[in-house]
Amino acid sequence: MTKVFLKKKISRRIEEGHPWVFGNEVNLTDGDLTAGAIAEVFTHDKKFIGRGYLNPQSQILVRLLTRDKSELIDADFFYRRLLKAWQYKSQLGYRENCRLVFGEADFLPALIIDKFNDYFVIQTLALGMDLWKPSIVDALNKIFSPKGIYERNDVPVRELEGLPQQKGFLSAPFDTKIVIRENGLQFFVDIENGQKTGYFLDQQDNRRAIRHIVKDADVLGAFTYTGTFEIHAAHYGAKSVYGIDISAGAVAQANENAALNKLDHIVRFEAMNAFDVLKQWGKENKRWDVVMLDPPAFAKSRDSIQKAITGYKEINLRGMKLVKPGGFLVTSSCTNLVQPDLFLQIIQMAAKDARRTLRQVTYQTQSSDHPIVWGMENTHYLKFLIVQVI
Ligand code: SAH
């Protein structure tokens with residue numbers, strides 16, 4: 001097996017348990033650097049650190065899968081890890097829907113598996129993980145006897161690993177428009193054509209956090225996708241809910257979801273660009289009791305952080321101006337490139353420009369089926385804030 005020896009001074013990141021080994025952290029290698037193959041990683045003085053998969057084409061030369069010397073990487077390894085992930089999520093109370101595997105945070109770098117009751121959606125985002133897809137599918141079949149498994153590998157990051165973008169069935173074909181339940185409501189999930197894996201499970205715990213503030217309120221939601229926050233608002237007693245998303249497909253799906261829950265007399269969605277209309281409505285003095293914003297990641301790489309800061313500030317400023325005095329702003333950011341402190345600063349800047357005072361109601365992160373592992377800072381990515389806007 002190929003051996004990789006690190007430089008004498010190894011990074012705190014690796015010492016503290018982070019699974020990535022960058023090429024520039026390596027002193028010496030012994031054996032072929034075959035993309036996807038398993039390698040053993042050692043300190044400069046030959047102490048075993050762990051086993052992981054290689055990709056010499058990537059800046060991350062090795063992603064560690066285990067630090068246990070006696071643990072081999074084989075089909076049974078994946079079965080054990082998936083079972084452990086499921087036991088952990090079950091222990092936290094997740095039953096029907098959860099992110100079963102959240103990559104590094106479930107000790108399976110570059111693997112994402114979402115469980116939507118009896119259906120599973122998989123992403124293998126690195127070559128070394130992609131090669132184990134058959135073992136991963138076998139493990140899912142063994143543990144869950146699923147009704148269907150689907151691959152949503154139509155993601156650009158795969159190209160950095162020399163992998164094609166692709167999607168399709170990893171089980172017998174099934175109707176990919178399924179229905180899931182969340183907090184007593186029902187939602188259509190389009191596994192084949194929806195965004196990412198089809199549905200944002202990472203906000204599932206946060207959606208309950210709006211239940212008191214939306215009662216009897218007129219609510220505006222922007223960046224609604226499946227309309228899940230907005231339909232929750234209607235369910236929790238909002239007087240009216242108006243949701244907008246730039247995607248006509250998302251809006252159609254959100255309206256279907258409203259009807260599925262018999263809440264379409266309260267909540268209605270339309271296709272619009274939030275940046276344009278929020279500004280316009282501000283000028284027209286339109287106001288709501290509650291404004292909810294859940295924009296996409298404005299930053300995908302470190303180079304675009306400044307752009308993201310501008311985007312988040314702009315949209316929050318516009319959103320805040322639409323809140324009646326004493327009403328509430330519900331706002332999120334889903335990129336790990338904007339760290340929690342920075343996000344809060346952005347909101348503070350927006351409040352200053354809008355000349356409003358904020359009183360914090362709730363500050364949360366992603367739901368706990370997307371674990372945050374301390375020492376792996378990129379596992380903490382979602383910020384969710386509710387403030388009263390005075
Ligand atoms: N709130 C949703 C997730 C939103 S994802 C949930 O709880 O599941 C972000 C959404 O923002 C996407 O649906 C995308 O279509 C939409 N979007 C992106 N740019 C937009 C814009 N300028 N105006 C309105 N919506 C936009």
Just one of Glu25, Glu104, Gln59 clears the side-chain hydrogen bond (donor to acceptor under 3.5 Å, both in side chains) bar with Trp20, so which one?
-> Glu104
Before accepting this row, confirm whether a basic side-chain N of the pair Arg99/Asp369 lies closer than 4.0 Å to the acidic partner's carboxylate O.
-> no
Within a radius of less than 6.0 Å around NZ of Lys7, do more than 12 heavy atoms belonging to other residues, nucleotides or ligands occur?
-> yes
Salt-bridge criterion met for Arg67 and Glu40 (N-O under 4.0 Å) | no
Between Asp68 and Arg51, is the closest basic N to carboxylate O distance under 4.0 Å?
-> no
N/O donor-acceptor pair under 3.5 Å between Ser304 side chain and Lys307 backbone | no
Aromatic centroids of Phe144 and Phe120 separated by under 6.0 Å | yes
Between Tyr53 and Trp132, ring centroids under 6.0 Å | no
State whether the side chain of Gln366 and the backbone N or O of Tyr381 hold a donor-acceptor pair below 3.5 Å, judged by distance alone.
-> yes
Are the side chain of Lys177 and the backbone of Ile191 linked by a donor-acceptor contact shorter than 3.5 Å?
-> no
Would you call Asp130-Arg158 a salt bridge at under 4.0 Å N-O?
-> yes
Give a yes or no on whether a salt bridge exists between Lys89 and Asp106, defined as a side-chain N under 4.0 angstrom from a carboxylate O.
-> yes
Main-chain N/O of Val179 paired to Asn117 side chain as donor or acceptor, under 3.5 Å = yes
Could you state the interatomic distance from NE2 (His235) to CZ (Arg208), rounded to the nearest 0.5 Å?
-> 11.0 Å
Between Arg80 and Asp76, is there a salt bridge with N-O shorter than 4.0 Å?
-> yes
For the hydrophobic clusters of this structure (ILVMFWY residues joined by side-chain heavy atoms under 4.5 Å, transitively), does one cluster hold both Tyr225 and Ile210?
-> no
Check ion pair Glu284-Lys279 (N to O, under 4.0 angstrom) = no
Electrostatic pair Glu182:Arg207 at N-O distance under 4.0 angstrom | yes
Between the side chain of Lys115 and the main-chain N/O of Glu96, is any donor-acceptor distance below 3.5 Å?
-> yes
Just wondering, more than 12 heavy atoms not from Lys69 lying within 6.0 Å of its NZ?
-> no
Could you tell me whether Asp118 and Lys147 have a side-chain N and a carboxylate O separated by less than 4.0 Å?
-> yes
Using modelled atom types only, decide if a donor and an acceptor are shared between the side chain of Asn273 and the backbone of Ile246 within a distance under 3.5 Å.
-> no
Please check if the side chain of Thr379 supplies one atom and the backbone of Val373 the other of a donor-acceptor pair under 3.5 Å.
-> yes
Is Lys133 salt-bridged to Glu151, cutoff N-O under 4.0 Å?
-> yes
Are a donor atom and an acceptor atom from the side chains of Gln364 and Asn206 found within less than 3.5 Å of each other?
-> yes
ring-ring contact (aromatic ring centres under 6.0 Å, His included) partners of residues 319-369, not counting sequence neighbours, each pair once = none
Do you see a donor-acceptor pair shorter than 3.5 Å between the side chains of His380 and Asn336?
-> no
Is the centre of the Phe5 ring less than 6.0 Å from the centre of the His44 ring?
-> no
Closest heavy-atom pair, Leu278 versus Arg318, reported as atoms and distance to 0.1 Å, is CB-CB, 3.9 Å
